[in-house]
Structures are given as structure tokens and as C-alpha cells.
2 protein chains.
Amino acid sequence: MTQEQYSKYSFLLDRTARKVKQYAQQQFKSGDFDVTVDQWLVLKNLSENDVLSQTELANLVFKDHPTLTRIIDLLCKKGYVERMPHPQDRRSFQLHLTETGVSKVTSLRPEILHIREKAWENLSTHDFEEFKRILNTIYQNLNGESFDQ
Amino acid sequence: MTQEQYSKYSFLLDRTARKVKQYAQQQFKSGDFDVTVDQWLVLKNLSENDVLSQTELANLVFKDHPTLTRIIDLLCKKGYVERMPHPQDRRSFQLHLTETGVSKVTSLRPEILHIREKAWENLSTHDFEEFKRILNTIYQNLNGESFDQ
DNA sequence: TACCAATAGTTAGTGTGACAAATATATAAA
DNA sequence: TTTATATATTTGTCACACTAACTATTGGTA
């Protein structure tokens, strides 16, 4: 195995990640889900945690603060999320789903699980475990200081 | 294995792909490479093919035409690439590296191979083959009509 | 009290990605 | 030859990623 061959992983990884996002986004669109793939990730995490600050949420979804600010802006505009002032810390917000947001998550969750299955045709449970292990190893190799998940 | 667990691959895949790009970009920056990760991919492919049209190049690097147009614009501005008119087809360009572009690729290639190795610490050659197989299977599962590579 | 470093979040700038539509040119069909 | 269709590239718009710089606030410390 030469260095040159090893370097291909970055290309295949990027290409596949984009394809996965693009496929899901097309399905989201044809189903009139009214959210993007990344907005869904945020909604899903908010639905699993009663109240979160933007920093806590950013750590859950592994997005940086500016990106999260904009996603939250869009979700607020769409009426799925509300920023409530933190009772003790005036710098911070407490994020939570609106009623509309809760019912949006409830109605979309099964459809999205179904969309996500398509990628695993022709692959086994063992493949899935290996895939997760390799992805996490790569992530940790490049993540410098800290260990995540 | 529940549906719910399967759906995590998209999160891990996206997270890892971003980390890989981010890590490389940081190394590119601290080494004053004067190109982005995506610009490098384009330069590398141009260096391996004497003359390409934008459409041919787009198919090689799996980027869409508008994205490629803009990357080429930047590389031309930096003086690494030139658009030459196609002798028979006035709609098309023939892309090629300038002398500066050629020497840029020559000087960066070994450094970038070295950067790319970091991700594979603690992983085996077999892992690498499995990883490629799984990525390509996912890609093909979602790619609808055609078979790529 | 006054200062100062750390933290929460936002804004701005650049690059990239996806998609739709527009422009120009080439080629095939009538 | 005229018309229709296909191809190559560009432009515009929205969303996301990353960096740097900025505001406001908090908490510790002299």
C-alpha cells in the first residue's frame, strides 16, 4: 500500500458524505418536509433534550457557533423553535421546541428513518459496526486534544 | 439492530468528513500552501491529465459545474490554471496548469500525502479496504441510475 | 470597588455545495 | 435552410463550514 493509495480515502469520504446528504435532502424536498437535513439534526436533538443552550446544542451536533446561530434563526423563523432568556445568565438562551416543532418532529421521524435505510442495502450489520469503528478512529486521530463520544 | 441505530451513520459520516477536511485545511494554512483542500483536488487532477474541459474535470472530481466554475476562477486568479479556448468547440475551454501551477503541485504533493496519513493511525490495511468498499457501496446505493468507478 | 480573563452569542468575509435558470454554441432533424 | 434539441459554461440564490473579530455579561481577584 503506497502513500498515494491511502490518500484516496479523503476523496471517497467527502464524495460519499455529500451523496448521503444530497440524497436525504432530495427526499426531504419531495416529501415537503420544510426543513433541511441539518435543520432536522438540530430539531431531533432538541426533541431529545428538554432545554438546551446554544453551546450545549453545538456540542451535541458538532456544529460551530456561527453555523448554529443561523440554523436556529431559520428554525425560529419557521416557528419550530423558540429562544427563551436564561433566568440566571443574560448572555445565554434556553432553546426549546414549540408545539409546532414537537409535532413536526413526531411526524417526520419515521419517514426519515426510512430514508436513512436506503444507504445500507447490500451491507451487513457487521459492516455497520466496522464502519462506525473506522469513522470514529479517524475522527479521534484528527481531533487533537480531546476524546469525543 | 433497530432503525434508530442505523440512522446514526449519516451523523458520523458527516462529522468525520468535516473533520478530515478541517484538519487538512488547518495544515494547509499553517504551511502557507495558498490553496484550499478543494482547490488542491482540482490542481492534482489537472496535473494528472494534460488537458481537460471543465465537464471532464467535473466528472473526475465529482463536483457540479457551477462549483467547478468558481474553483477554476479562483485558481486562475492565483495564476495556477489557464483557460484556453477549445480549437473546435467555442463553448468549451481546455484547462491546463501554468508553470507556476505545475511547480505548486510538485512541491505540495509530498506534504499533502504526509498530512493524509495522520487519519490512518491505529488502522490497518484491511480496515482501509473495508472502508473503501463500504463507502463505495453506500455511494452506489444512493446514486440511482448510474454506476460510478 | 475596579480590573480582567473567560464565556455566550452574533456578525462579517470567504469558500463550497446544490439547484434552477440563462447564455452561447453545436448538432441533428425536418 | 430552418428548427429543434443537446451540450458547455455561467449566474443567481440559499444553506452550511470555518475563521476572525466583536458585544455583552459573568465571575474571579487585587
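Every chain is numbered from 1, with letters handed out A, B, ... down the list of sequences.
- Between the CZ atom of A:F93 and the P atom of D:dT26 there is a distance of 13 Å, given to the nearest Å.
- With respect to B:E48 and B:K44, a salt bridge is recorded, a charged nitrogen being found less than 4.0 Å from a carboxylate O.
- In the set D:dA17, D:dT25, C:dG9, the nucleotide with an atom closest to the side chain of A:D89 is D:dT25.
- The nearest whole Å value for the distance from the NZ atom in B:K21 to the C1' atom in C:dG15 is 9 Å.
- For A:S92, no side-chain nitrogen or oxygen approaches OP1 or OP2 of C:dT7 to under 4.0 Å.
- Counting non-hydrogen atoms under 4.0 angstrom, B:L74 reaches the backbone sugars and phosphates but no base.
- B:F62 and B:Y139 have perpendicular rings, their planes meeting at more than 60° on a 0 to 90° scale where under 30° would count as parallel.
- Residue-level contact check: A:R18 touches the backbone only, with heavy atoms under 4.0 Å from sugar-phosphate atoms and none from bases.
- For the helix from C:dT1-D:dA30 to C:dA30-D:dT1, the angle separating the two terminal helix axes comes to 10°, with each axis derived from five pairs and the value rounded to 10°.
- Regarding B:H65, its NE2 atom lies at a distance of 13 Å from the P atom of C:dC19, rounded to whole Å.
- Linking Ile, Leu, Val, Met, Phe, Trp and Tyr whenever their side-chain heavy atoms come within less than 4.5 Å leaves A:L74 and A:L108 in two separate clusters.
- Residue-level contact check: B:T55 touches the backbone only, with heavy atoms under 4.0 Å from sugar-phosphate atoms and none from bases.
- Remark: C1' of D:dC16 and CG of A:D64 are 9 Å apart, rounded to the nearest angstrom.
- Here B:I71 lies in heavy-atom contact (under 4.0 Å) with sugar-phosphate atoms only.
- Between B:R90 and the phosphate of C:dA24, there is no side-chain N or O to OP1/OP2 separation shorter than 4.0 Å.
- To the nearest angstrom, C1' of D:dA8 lies 18 Å from CE of B:M84.
- For the residue pair B:S10 and A:V20, the shortest heavy atom distance occurs at CB-CG1, 4.0 Å.
- The shortest distance between the side-chain N/O atoms of A:Q25 and the OP1/OP2 oxygens of C:dC19 is not below 4.0 Å.
- Each of A:R91 and A:Q39 has a nearest nucleotide on DNA chain D; the 5'-most of these lies closest to A:Q39.
- For the pair A:Y23 OH and C:dC19 C1', the computed distance is 18 Å after rounding to whole Å.
- To the nearest 0.5 Å, atom CG of residue B:L95 and atom CD1 of residue B:I72 are 4.5 Å apart.
- Remark: P of C:dT14 and NZ of B:K77 are 10 Å apart, rounded to the nearest angstrom.
- Relative orientation of the A:F33 and A:F28 rings is tilted, given thresholds of 30° and 60° on the angle between their planes.
- Among the atoms of the strands shown, only primed sugar atoms or phosphate atoms (P, OP1, OP2) are found under 4.0 Å from some heavy atom of A:Q88.
- Among A:L75, A:V35, A:V81, the one residue that satisfies the side-chain contact (heavy atoms from CB on, under 4.5 Å) test with A:V42 is A:L75.
- Nucleic acid contact for A:Q26: sugar-phosphate only, since backbone atoms but no base atoms lie under 4.0 Å from a heavy atom of the residue.
- In terms of position along DNA chain C, the nucleotide closest to A:L68 lies nearer the 5' end than the nucleotide closest to the other residue of the pair A:K19 and A:L68.
- Atom CZ of B:R70 and atom P of D:dT11 are 8 Å apart (whole Å).
- At a threshold of 4.0 angstrom between heavy atoms, the contacts of A:T36 are confined to the sugar-phosphate backbone, with no base atom among them.
- Within the structure, the salt bridge (charged side-chain N to carboxylate O under 4.0 Å, His left out) test picks out the following pairs touching residues 16-32 of chain A (sequence neighbours left out): A:D14-A:R18, A:K21-A:D38, A:K21-B:D14.
- Residue contacts shown for B:Q22 are limited to sugar-phosphate atoms, with no base heavy atom under 4.0 Å away.
- For B:F93, there are no ring-ring contact (aromatic ring centres under 6.0 Å, His included) partners two or more places apart in sequence or in a different chain.
- Within the 4.0 angstrom heavy-atom criterion, base atoms lie near B:T69.
- The 5' end of DNA chain D is approached more closely, in terms of each residue's nearest nucleotide, by B:R83 than by the other of B:R83 and B:K29.
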